[in-house]
Amino acid sequence: MRILALGVVAVLLAGCGGAGESGDSAAGVRNETAGVTDTSVLIGTHQPLTGPAAPGYATISKGAQAVYSYVNDGGGIHGRKIDYRVEDDGYNPTRTVEVVKKLVLQDKVFALVGGLGTPTHSKVVDFLTAEGVPDVLVSSGALAWDDPQGSPMTFGFQVDYTREAKILGTHIAEAMPGRKVGVLHQNDDVGRDGMAGLDRVIKDAIVSRQPYDPANADVLPQLTALRQSGAEVVVCECVPAFTALAILTAARLGYKPQFVVSSIGADVTTLTGLLADFGKRAGAEVSVPALLSGMVGAGYLPDVDSDDPWTTLFKEIHAKYIPDVALTDTVVFGMAQAYTFAQALKEAGRDLTRSKLLAAFESGKLEGPGMTPFAFSGESHAGYTGAYVFTVDSEVRTNVVREPMVTDRGDGPVTPAPSSRKTPAEVALVG
Amino acid sequence: MLTVTGLVTAYGPVPAVDGVDLDAAGGVVTAVLGANGAGKTTLLRTISGLVAPEAGRVVFDGEDITGWPPDRVVRRGLAHVPEHGGVIAELTVAENLRLGGLWRPKADQRRSHGEVLDLFPPLAGRLPRQASTLSGGERQMLAIGRALMSEPKALALDEPSLGLAPTVTAAILTTLRELRLTALLVEQNARGALAVAAHGYVLAQGRVVASADADTLLADDQLRHAYLGF
Amino acid sequence: MPALVRHLLWALLALVLVVALSLVIDPFTNVRLASVGYYLLAVAGLTVLTGLTGQVSLGHGAFLFLGAYTVGLLVIHAPALPIWVDLLAAAAVSGIAGALTGAAAARLHGPYLAGATLALAVGLPAVTQRFPELLGGSNGLGFTVSSLPPGLVGVVPTTRWQAWVVWATALLALVVLANLTTGPLGRQMRAVRDDEVSAALAGVRVGRTKVLAFLISAVCGGLAGGLQAFLLGTAAPGSFTPALSLALLAAVVLGGTGSLWGALWGAVALVYLQAGAEEFAHGFDLPTDVANFLPQAVYGVVLIVVVLVLPNGVHGVLRKFSRRRKESTV
Amino acid sequence: MPDLLTLAMGGLTNGAVYAALGLALVIIFRATRVVNFAQPALALVCAYLAFTVNRATGGYWLGLLVALVAGAVLGALTERLLIRPLRSRGNELAPVIVTLGLLLVLQAVCGMIWSAEPRSFPYAFDFRGAFSPASVFVVVTVVVVAGAVLLLFGATPLGLRLRAAALRPDVAGLLGVRVGLMLTIGWVLAAVVGALAGVLAAPPFLSPTVLDTVFVYALTAAVIGGLDNPVGTILGGFVLGVALSFVSGLLGPELVTLAALAVLVLVLSLRPHGLFGSSVARRV
């Protein structure tokens with residue numbers, strides 16, 4: 001009863017200190033073994049399974065689940081099965097906070113893995129830091145995840161938009177010198193960070209910058225402006241649906257620029273699927289090869305078309321666990337992410353704790369499916385450090401034109417990535 | 001022609017029509033009289049199917065039409081001109097008229113159309129105008145004319161004299177008698193109604209309190225004072 | 001007993017119940033408890049507008065948007081202000097917006113008002129795109145509100161404290177709301193709803209009453225948005241979609257239009273229907289697409305069934321039930 | 001100088017779709033005084049059915065036909081099962097909530113069957129060029145259909161019955177009009193027009209939320225034009241389409257929704273019943 005009275009009084013006298021002044025709470029890992037038993041480890045994620053971002057991204061967790069099932073069927077990691085809990089946040093930040101609080105406070109997950117989206121995930125980083133929950137392999141190329149001092153629990157995954165744009169810019173400068181460049185970019189950090197990277201390399205060549213709003217599928221005005229600016233090269237900092245819309249709209253205008261697409265929007269399998277019907281139907285002789293051939297794109301994960309050993313493994317897992325889902329780059333993204341996490345679990349050792357998981361990430365020993373190394377160390381929590389550049393040929397196959405390159409997010413040079421990387425056999429995750 | 005037996009209609013717990021028996025003979029006007037709230041309008045609305053009765057029967061032209069929907073009742077030959085006429089103000093005069101007999105064969109419609117315009121000449125000049133522009137008397141003519149478009153066997157009229165000048169009322173009621181139609185005429189204006197009716201019923205609180213020849217009713221001072229207020 | 005005292009006593013009792021409840025439930029359920037609190041306030045405000053005055057608003061999320069951003073901006077740019085000042089500011093900002101909306105909407109009827117308010121819910125969050133430096137663009141604002149009095153640090157878990165603050169604020173606002181709506185203003189509102197012309201003939205200033213209703217409900221919405229920001233530390237355009245506005249309106253009807261008790265049931269439904277349906281979907285081995293969309297389908301079906309079967313909402317059923325019990329005991 | 005002609009042509013094509021969906025709203029509003037919030041979802045189901053038929057047959061026209069038939073069936077079912085029970089309720093809010101509920105259910109069902117992934121949906125004709133055959137088809141179809149609907153309402157016995165049943169259901173019944181049937185026909189007609197709008201709006205990509213913004217602009221167009229005025233609504237749709245295309249091209253795409261709000265506020269503050277709406281307040 002006393003605490004009750006105390007509570008009522010405290011509420012009525014609410015607040016003496018400022019709402020924004022946060023006391024310096026010592027951030028650090030708490031509840032070391034939450035979610036861990038001898039035979040299982042519970043992890044969680046927030047994904048847009050419904051709502052505006054569901055198209056394109058709802059299949060990531062399917063790929064991830066397939067890998068976890070594969071791992072579990074192989075006996076798990078150190079005898080622990082991975083229990084993967086996917087919460088739908090509908091790409092709504094409010095719901096992201098709610099479902100992440102549920103995962104942490106109620107389900108007591110060991111770690112949050114691959115939470116998707118900048119507007120969404122940025123709202124839970126402070127909470128996860130305060131609760132001491134590892135927050136690894138965030139599914140977004142924003143720069144914010146790489147902040148070891150402020151957000152020691154958080155680690156990135158995909159190459160950030162700036163690094164990647166620097167590499168694409170370098171390719172444009174070298175392969176298409178003197179050409180006028182236009183940019184079509186999503187009006188958020190995808191576009192802003194990407195343009196920052198382009199500006200580091202080819203600022204003077206850019207003649208037009210057109211934002212698009214993901215809620216507005218009509219990009220005709222933007223493509224019209226790009227055409228009028230005389231841009232011969234159009235860099236697309238877009239999600240796949242808008243890459244496809246841009247390509248179709250350009251075709252509608254009879255505008256034929258060289259498209260250069262950042263990795264998030266350059267999923268050739270998805271693009272082919274989206275554009276396939278315009279070849280076959282109703283008099284419009286616009287075949288997929290006609291629309292896509294010549295497109296330049298960036299990637300950092302092994303290509304679905306390649307005979308990379310990782311691709312072979314992913315194809316096996318795909319065929320066994322999720323044959324109904326088309327094997328797109330998006331699915332591969334989820335698979336690579338899950339594989340990387342499983343690898344970190346293995347690296348963390350048999351006596352699993354949150355601190356050991358973080359140490360495993362910072363050890364720099366994770367070498368994964370990606371074509372470039374992770375930046376992970378005590379000083380950096382950035383994910384993949386670079387990308388390769390490919391073109392699409394007239395049979396809609398991808399050909400690497402620039403081997404994997406790495407760079408930093410500042411003014412550092414773009415250099416070739418180390419050529420060695422582990423194969424699945426060398427990682428020997430299970431069995 | 002139209003026989004009502006034991007009709008009970010209620011809105012909520014209080015019956016508005018409470019066990020009415022009524023008989024309207026063919027070819028003449030039968031008047032239903034009574035003060036405001038006596039149940040006259042509810043009686044008509046029940047007969048024409050706008051409200052469902054709790055009990056009782058309505059037999060029209062040898063057929064039990066109790067509980068029929070209004071559109072079926074009018075197609076059977078009993079047309080109802082509601083209170084204030086029910087002219088649809090947003091439609092033109094011509095459209096209002098046409099509505100009255102849309103289901104009938106084209107030729108019949110055309111014939112009735114001519115007859116109605118002959119009967120109510122003022123309407124003829126106003127066909128393309130919006131019905132909202134008509135005067136009160138013209139609206140009542142339109143309403144009755146529209147009902148006649150269905151070439152009904154019987155006509156049920158709810159207070160055709162409401163709000164009209166006495167001369168207009170007289171003209172309309174006279175027309176009604178000249179038509180030699182079976183008509184059930186609900187009126188507060190008892191003197192005018194009885195002048196054209198053959199038979200009259202007096203309603204009070206949902207019940208029939210008197211039924212007699214029109215002349216008898218007109219002559220019965222006591223009844224007039226008690227229920228009809230003149 | 002005067003209405004004010006009675007309402008205050010009820011609120012105090014409710015607060016004691018909430019505090020007691022918060023002590024026995026786990027931290028996350030405390031978050032849910034707090035969510036019910038701010039939704040309750042939002043739905044209560046809307047039920048005054050829609051239920052009492054008869055103005056159907058499909059854009060109430062816009063006021064939550066304003067409240068949340070006000071609190072977010074103040075927490076970030078004026079960190080020294082205590083949270084209750086931030087909340088008052090949120091109420092004031094959306095109150096002003098509500099008065100403006102009300103003034104513009106006073107002449108609108110039915111579907112015209114609905115269309116205009118829907119456009120408000122769609123259009124207003126786009127402001128964040130125009131001022132990305134200040135409002136964070138589509139990422140919105142992220143912040144942490146620290147309001148726990150120094151003496152309670154380590155004694156009371158944060159989520160429990162948050163639930164207390166949310167409910168204390170919401171209940172205080174509800175007392176004001178209850179007082180206003182049971183008094184002369186409430187009678188004027190009902191008169192306007194039932195027949196504007198007769199209300200005007202009876203001396204009710206129709207326009208003023210309608211604007212006032214908008215103002216009151218906007219203040220509630222703004223406070224609710226502010227409390228949401230306080231609780232979740234986020235203000236982003238993606239949270240204030242038309243879907244939120246429509247969900248609030250649905251909650252009004254689910255609970256029982258025009259009743260503050262109904263607002264409570266509506267708020268509970270908002271929080272727990274979604275959560276329950278998700279648990280349900282997780283519990284079965286359904287195909288992914290079916291499981292993903294099941295909560296939405298369930299919510300839709302519940303709405304339809306409630307309107308068709310329970311015209312007076314949950315509160316209507318409860319009232320009927322309690323009346324029947326009273327009758328049977330007499 | 002921006003390419004105003006291209007912007008205008010693009011806007012006209014978008015506007016045609018707003019006009020068509022707006023027309024569907026107006027037909028139902030006139031018939032039953034209900035704003036049908038389920039309209040985009042009804043159209044969505046039809047568009048997905050057209051998509052499935054297209055995939056199976058490799059053609060366009062059979063899919064369109066199936067969509068229109070499906071629209072008719074869905075419209076009739078909605079009116080009979082969900083709207084009719086509310087008719088006697090006299091509550092403005094009940095149909096709003098029921099149609100919202102239906103919107104949620106149908107969108108969810110589409111997501112369950114066809115998933116949230118965008119599906120490519122073909123144009124009827126070649127879509128390339130400023131005046132592409134596909135755009136011309138959309139604009140001409142909408143204009144022709146709108147004209148046909150106006151003709152139906154204004155110059156046929158069925159149209160007269162529909163109007164009478166909508167304006168004065170009690171009186172219409174007394175005149176031999178089968179009011180219930182007319183209301184159903186109104187919903188059927190509207191849902192068919194809505195299905196057409198859905199199929200026209202779907203290209204290039206179909207996903208469960210693709211018609212949401214179209215619906216918002218369609219409602220905006222209807223409100224601007226006057227909810228009980230089909231001509232005003234169709235004009236409103238075209239004008240809004242062009243205006244928003246200009247806003248997107250000249251000022252920036254993030255301002256499009258704000259611009260729609262601004263237009264709406266401007267119009268309604270001058271004319272509370274839309275530009276061409278009748279101000280006769282009718283209490284139902």
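The sequence lines fix the lettering, A, B, ..., with proteins before strands; numbering per chain opens at 1. Keep in mind that this is a model prediction, so the values were computed, not measured.
- Neither the backbone nor the side chain of Tyr255(A) comes within less than 4.5 Å of any heavy atom in chain D.
- Between Leu271(A) atom CG and Ser120(D) atom OG the span is 11.5 Å, to the nearest 0.5 Å.
- For the options Ala58(A), Ala251(A), Pro211(A), Ala54(A), heavy-atom pairs under 4.5 Å to chain D are most numerous at Ala251(A).
- In terms of heavy-atom pairs under 4.5 angstrom with chain D, the leader among Ala244(A), Ala217(A), Gly51(A), Pro240(A) is Ala244(A).
- Between chain D and the residues Asn187(A), Leu245(A), Val219(A), Leu49(A), the largest count of heavy-atom pairs under 4.5 Å involves Leu245(A).
- Between atom OG1 of residue Thr270(A) and atom CD of residue Glu117(D) there is a gap of 7.0 Å, rounded to the nearest 0.5 Å.
- In this structure, CG in Leu223(A) is found 12.0 Å from CG in Asp3(D), a value given to the nearest 0.5 Å.
- Counting only heavy atoms from C-beta outward, the side chains of Gln210(A) and Pro253(D) never approach each other to under 4.5 Å.
- How far CE of Met9(D) is from CG of Leu253(A): 11.5 Å, rounded to the nearest 0.5 Å.
- The two residues Leu274(A) and Phe205(D) come nearest to each other via the heavy atoms O-CE2, 3.3 Å.
- Tested against Asp218(A) for a side chain to side chain contact (heavy atoms under 4.5 Å, CB included), the candidates Asn14(D), Leu244(D), Thr13(D) yield a single pass: Asn14(D).
- The line from OH of Tyr123(D) to CG of Leu248(A) is 6.0 Å long, rounded to the nearest 0.5 Å.
- Contacts between Ser245(D) and chain A at a heavy-atom distance below 4.5 Å involve backbone atoms as well as side-chain atoms.
- Neither the backbone nor the side chain of Thr257(D) comes within contact range of chain A, judged by heavy atoms closer than 4.5 Å.
- Counting heavy-atom neighbours within 6.0 Å of Lys315(A) NZ, excluding the residue itself, gives a total above 12.
- Across Leu220(A) and Thr6(D), no two heavy atoms sit closer than the pair CD2-O, 3.7 Å.
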